[in-house]
Amino acid sequence: MRVQLPLINTVHGRSALTCRFRCGDACFHPAPNTSSNPYVGDVIATALSRRSMLRAAAVVTVAAAAGTAGTVVTAPSAEAAARQTTARPKPKGKAARGLRFTPVAPNTADTVTVPAGYSQNVVVRWGEPILRGAPAFDPDRQTAAAQAGQFGYNNDFLALLPLPGERGRQILVANHEYTDEVLMFRGYDAAAPTREQVEVAWAAHGLSAVVVEENKKNGELTVVPRHHLNRRVTATTEFRLTGPAAGSDLLRTSADPTGRKVLGTLNNCSGGTTPWGTTLHGEENFNQYFAGAGRATDKRYGIGTGASERKWERFDRRFDVAQEPNEVHRFGYVVELDPYDPSSAPRKHTALGRFKHEGATVRLTHDGRPVVYSGDDERFDYFYKFVGSKRMKHGSGRAVREHNLSLLDEGTLYVARLTGDSPALEIDGTGKLPADGEFDGGGEWIPLVTATAKGAVSHVEGMTADEVCVFTRIAGDKVGATKMDRPEDIEPNPHSGKVYVALTNNTNRGVGTNAPADEANPRSANKHGHILELTERWNRADSTKFAWTLFLVAGDPEDPATYFAGFPKDAVSPISCPDNVAFDPHGNLWISTDGNQLGSHDGLFGVATKGERRGELKQFLTVPTGAETCGPLVQDRRVLVAVQHPGEISGATVEKPASTWPDGVGKIVRPAVVAVWRKDGGGIGL
């Protein structure tokens, strides 16, 4: 039995407080993308369905399966269409390996709810000291110096890296996306923040690297304070700008006439780990920290003309675009951190483009070159990939390390253009499947810029290489990239090579004069989101062609518009607003949500991607009131999630909290990282 729960003071799936502090009320402003790019629906209107050809083994070719567009074929018969649109019977026997747990029911409990037979612990909270000399957390005596040695605020992306020579220990790396000052400081006055409050917020942004230790008797993880690898990176840490735009006139400021150094990183959302042992972090809603903008390029990035929400420009002129017009050009990149060298300067890779990076995930080509996927988390914006030209080296020496740290500075940046394979009249905005039984099609990667050791070449008419790297959104506009419904986390499956794109939602789709529904974004007023499955041609990461299908169309399974890869909808958990995704050791996709529109708290879900159980989706946990599920990490015997912004409900303050998590009544609400494990010590979902 499904329980329909009341919505909790949300705007477009998020609390108004979340919109205010995380993304600067982006959904209340016109979408920055005003280009006249064709939508998928416009393109497919001139083509007939080729799905019957793809299903006919006698004429199928690898090229057609890889998404070659433009082929005209006969539409499937009514009988064939009926077979394709009927969900297959529920398979008998057990769920897929890794998903054998009793699903958590939708709920609004102010806690982390996990399946029967599982336990949990809070690994680390905001404010816990991790560096030598840092004081214990005191919410009424916060200082910037203290926060710079303590775990930061609003943990999002998580990575766990091995720690050779220290058995039972790993390095946990976390993003600290943004600060929520009304939940951090008693009596906070948004119109008149103090310098101390602003400097605490600077120190609470950024990244944390902290060594954690496993309890040998159970699955608990605990922090190892004062370990020599523990590190805080903040909004004032020095970074290196690398790649083709480094040193450009577009990146030079009065404080940095070289255009190669920048202080801090802001709004790090999701990220990824690299095969060479570093972590990547996507700078997302950086626009909200800047004031006084007025240029067309600023408008394309959603940078406001008035004062910023946090008023940082009052305390540092670099946040005032009128005074420092290029400072804003130094944010919106993929950041790379070497967790094994706490003295190293993190890098911002301009070759990967500047936009609202939700994250950055890596796979290698057949010959060892890196490929990085990243989405631009904005309504009607694009998703990208970077194909490196240098091969990764193996080993741990300094020369090898330096070589691998340069891998993301040379290569080609691409943006995606998708085409559907169904007649436009069959895409009516309701989410109803077309006659061929699937939302699917092909696509191509359009080159934007190629960087080499000798220089960079733009592939976009009228733009230099520097301009493509700094104004990447505009480059995507010019080449006709496909507008999507907020492309967020993008993850390649390490087992199959298929790439999964989380499209969180877009309530503006098909509303008023906004872009109509198309096959890749098939619902008008899309409040629940969907997940796209992309297959590179020949399954080669460096291919410039791909096929795609909608793997999951989220929402209440009782809604005819939802779709779970053909799995019976009466046997899945309801899901809304997919955000971060990850894979377990068995190849199952795990999905964390942000802004659930079904009345339940956000949560973590696992779904099978192959075999007769493909599409079977089960909820593993829910998070507390006002919180978003981030991370996640799914290991053999442990699941980690970042519980971000608990208690973030409109009207909530330190004095009037909306949540008592994680420490109970009378304690300040604190974002934290949680570990979950089986009580009997067995494998997750086995």
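These numbers were taken from a predicted model, which means no experiment stands behind them. Note: hydrogens, waters and symmetry copies are ignored here, and every other heavy atom, side chains too, is used.
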With sequence neighbours left out, the residues meeting side-chain contact (heavy atoms from CB on, under 4.5 Å) with Val669 are Pro646, Pro657, Ser659
Where at least one partner belongs to residues 206-216, residue pairs that pass side-chain hydrogen bond (donor to acceptor under 3.5 Å, both in side chains), sequence neighbours excluded: Arg169-Glu213, His176-Ser208, Ser208-Arg232, Glu214-Arg638
State whether the side chain of Arg330 and the backbone N or O of Lys261 hold a donor-acceptor pair below 3.5 Å, judged by distance alone. yes
For Arg240, look at atom CZ and say whether over 12 heavy atoms of other residues, nucleotides or ligands are found less than 6.0 Å away. no
All heavy atoms of Val224 vs all of Val212, minimum pair found to be CG2-C, 4.2 Å
Evaluate side-chain contact (heavy atoms from CB on, under 4.5 Å) for His228 paired with Arg132, printing each intermediate quantity in order. CA-CA 9 Å; His228 71 278; Arg132 189 177 300 276; over 6 Å; no
Classify the ring geometry between His645 and Tyr178 as parallel (under 30°), tilted (30 to 60°) or perpendicular (over 60°). tilted
For a quick check under 3.5 Å, do Asn596 and Thr593 share a side-chain donor-acceptor pair by atom type? no
Check step by step if side-chain contact (heavy atoms from CB on, under 4.5 Å) holds for Leu640 and Leu221. CA-CA 10 Å; Leu640 271 80; Leu221 285 180; 4.0 Å; yes
Polar side-chain atom of Asn230 near backbone of Val211 as donor-acceptor pair, under 3.5 Å: yes
Give, for atom CG of Leu407 and atom CD of Glu336, the distance between the pair rounded to the nearest 0.5 Å. 8.0 Å
Any donor and acceptor pair, going by atom type alone, linking the side chain of Asp110 with main-chain N or O of Thr625 inside 3.5 Å? yes
Quick one: pull up CG in Asn267 and CD in Glu284 and give me the separation to the nearest 0.5 Å. 6.0 Å
Donor-acceptor contact below 3.5 Å, side chain Gln120 vs main chain Val676: no
Closer than 3.5 angstrom, by distance alone: can the side chain of Gln147 be matched with the main-chain N or O of Ala144 as a donor-acceptor pair? no
Point-to-point distance, once rounded to the nearest 0.5 Å, from NE2 of His495 to CG of Asn493: 6.0 Å
Is there a donor in the side chain of Glu358 and an acceptor in the side chain of Asn580, or the other way round, less than 3.5 Å apart? yes
Test item: side-chain donor near acceptor, Thr622 and Asn107, under 3.5 Å: yes
Go through the side-chain N and O atoms of Glu491 and Thr361 and say whether any donor and acceptor fall under 3.5 Å apart. no
Is it the case that the side chain of Glu488 and the backbone of Gly375 share a donor-acceptor pair, with hydrogens and angles ignored and the cut-off at 3.5 Å? no
Kindly give the heavy-atom pair with the smallest separation between Ala134 and Gly149, and that separation in Å. CB-O, 3.3 Å
Any luck finding a side-chain donor-acceptor pair between Asn154 and Glu177 under 3.5 Å? no
Do any N or O atoms from the side chain of Asp377 and from the backbone of Lys356 form a donor-acceptor pair under 3.5 angstrom? no
Ring pair (Phe, Tyr, Trp, His ring centres under 6.0 Å) pairs touching residues 330-356, sequence neighbours excluded, are Phe290-Phe331, Phe355-His357, Phe355-Tyr384
Could you work out, with side-chain hydrogen bond (donor to acceptor under 3.5 Å, both in side chains) as the rule, every residue matching Arg141, not counting sequence neighbours? Asp138
Does NZ in Lys393 sit with more than 12 non-hydrogen atoms of other residues, nucleotides or ligands closer than 6.0 Å? no
Would you find a donor on one side and an acceptor on the other, under 3.5 Å apart, between the side chain of Lys618 and the backbone of Leu99? yes
Would His205 and Trp312 count as a close aromatic pair, with their ring centres under 6.0 Å? yes
Any donor-acceptor N or O pair under 3.5 Å, side chains Glu181, Thr179: yes
Mind checking side-chain contact (heavy atoms from CB on, under 4.5 Å) for Ala148 and listing every partner two or more places apart, or none if nothing turns up? Ala203
Would you tell me whether Asp584 and Trp590 have side-chain atoms, one donor and one acceptor, within less than 3.5 Å of each other? yes
Can you see which heavy atom on Pro487 is nearest to which on Phe383, and at what distance? CB-CB, 4.1 Å
So how far is it from Asn588 CG to Thr609 OG1, rounded to the nearest 0.5 Å? 6.0 Å
Taking all atoms of both residues into account, what is the closest heavy-atom pair of Asp579 and Thr504, and its distance? CA-OG1, 3.9 Å
A quick test of your reading: do over 12 heavy atoms of other residues, nucleotides or ligands sit less than 6.0 Å from CZ of Arg100? yes
Any luck finding a side-chain donor-acceptor pair between Glu313 and Ser308 under 3.5 Å? yes
Can you tell me if Asn155 uses its side chain to pair, donor with acceptor, with the backbone of Val643 under 3.5 Å? yes
Hey, mind stepping through Leu405 and Thr242 against side-chain contact (heavy atoms from CB on, under 4.5 Å) and telling me if it holds? CA-CA 10 Å; Leu405 283 168; Thr242 67; over 6 Å; no
Phe286: what forms a ring pair (Phe, Tyr, Trp, His ring centres under 6.0 Å) with it, not counting sequence neighbours? none
Qualifying ring pair (Phe, Tyr, Trp, His ring centres under 6.0 Å) pairs with a residue from residues 260-282, counting only residues at least two apart or across chains: Phe157-His281
Would you check if there is a donor-acceptor pair between the side chains of Thr629 and Asp602 at a distance under 3.5 Å? no
Got a sec, which pairs hit salt bridge (Lys or Arg N to Asp or Glu O under 4.0 Å) with one end in residues 668-686, sequence neighbours left out? Asp663-Arg670, Arg678-Asp680
List the residues meeting side-chain contact (heavy atoms from CB on, under 4.5 Å) with Pro585, not counting sequence neighbours, and say none if there are none. Asp636
Check whether any side-chain N or O of Arg231 sits under 3.5 Å from a backbone N or O of Pro339 as a donor-acceptor pair, and report yes or no. no
Taking side-chain contact (heavy atoms from CB on, under 4.5 Å) as the test, write out the residues that go with Asp316, two or more places apart. Trp202, Arg318, Phe319
From CG (Leu337) to OG1 (Thr273), nearest 0.5 Å: 12.5 Å
Stepwise side-chain contact (heavy atoms from CB on, under 4.5 Å) test for Tyr188 and Val654: CA-CA 9 Å; Tyr188 179 72; Val654 172; over 6 Å; no
The reported gap from CG in Leu280 to CG in Asn175 (rounded to nearest 0.5 angstrom) is 10.0 Å
Any side-chain heavy atom of Leu160 within less than 4.5 Å of one from Leu158? no
Considering all heavy atoms, the nearest Ala672-Val122 contact: CB-CG1, 3.7 Å
Residues passing the ring pair (Phe, Tyr, Trp, His ring centres under 6.0 Å) test with Trp126, sequence neighbours excluded, are Phe137, Tyr153
Which residues pass the side-chain hydrogen bond (donor to acceptor under 3.5 Å, both in side chains) test with Glu220, not counting sequence neighbours? none
Got a salt bridge between Glu402 and Arg347, using NZ or NE/NH1/NH2 to carboxylate O under 4.0 Å? yes
